[in-house]
Amino acid sequence: MTLDGTLRWLFAVVAAAMLTAFAVLLVTGEYHNEGPVLLRVAHGHGIHRGDVFVLTGWAAGLLSLSGLLWGRRR
């Protein structure tokens, strides 16, 4: 693996870690418009409508990163 390839992977891992950290903070925290509970996980805990939006954004971000890593190089 070349230095360029190693740097690409390093940048992608850092970006994925940050996306994951922010998503975890949003899903585990309480915020104003989290919406109704869609799925109860335990007493007092569940997946809210706002969590679905956060998880969708997280998945889109990781898919974009994988596209940058494994996309065709020019």
### Message
Is the shortest side-chain heavy-atom distance between Leu19 and Leu65 below 4.5 Å?
### Response
yes

### Message
Evaluate Leu7 against Thr2 for side chain to side chain contact (heavy atoms under 4.5 Å, CB included), listing each step before the verdict.
### Response
CA-CA 9 Å; Leu7 282 176; Thr2 65; over 6 Å; no

### Message
If you apply the rule side chain to side chain contact (heavy atoms under 4.5 Å, CB included), what do you find for Arg8 with Leu69, and how did you get there?
### Response
CA-CA 7 Å; Arg8 285 170 57 99; Leu69 280 176; 4.2 Å; yes

### Query
So how far is it from His45 NE2 to Thr28 OG1, rounded to the nearest 0.5 Å?
10.5 Å

### Query
Going through the distances and angles, do Thr56 and Val52 end up as a side chain to side chain contact (heavy atoms under 4.5 Å, CB included)?
CA-CA 6 Å; Thr56 302; Val52 175; 4.1 Å; yes

### Message
Quick check for you: to the nearest 0.5 Å, what is the distance between Leu62 atom CG and Trp58 atom CH2?
### Response
5.0 Å

### Task
Give a yes or no answer on whether the side chain of Arg40 reaches the backbone of Ile47 with a donor-acceptor pair at less than 3.5 Å.
no

### Summary
CH2 (Trp9) and CG (Asp4) are apart, to the nearest 0.5 Å, by 13.5 Å

### Query
What's the spacing between Glu34 CD and Leu26 CG if we round to 0.5 Å?
11.0 Å

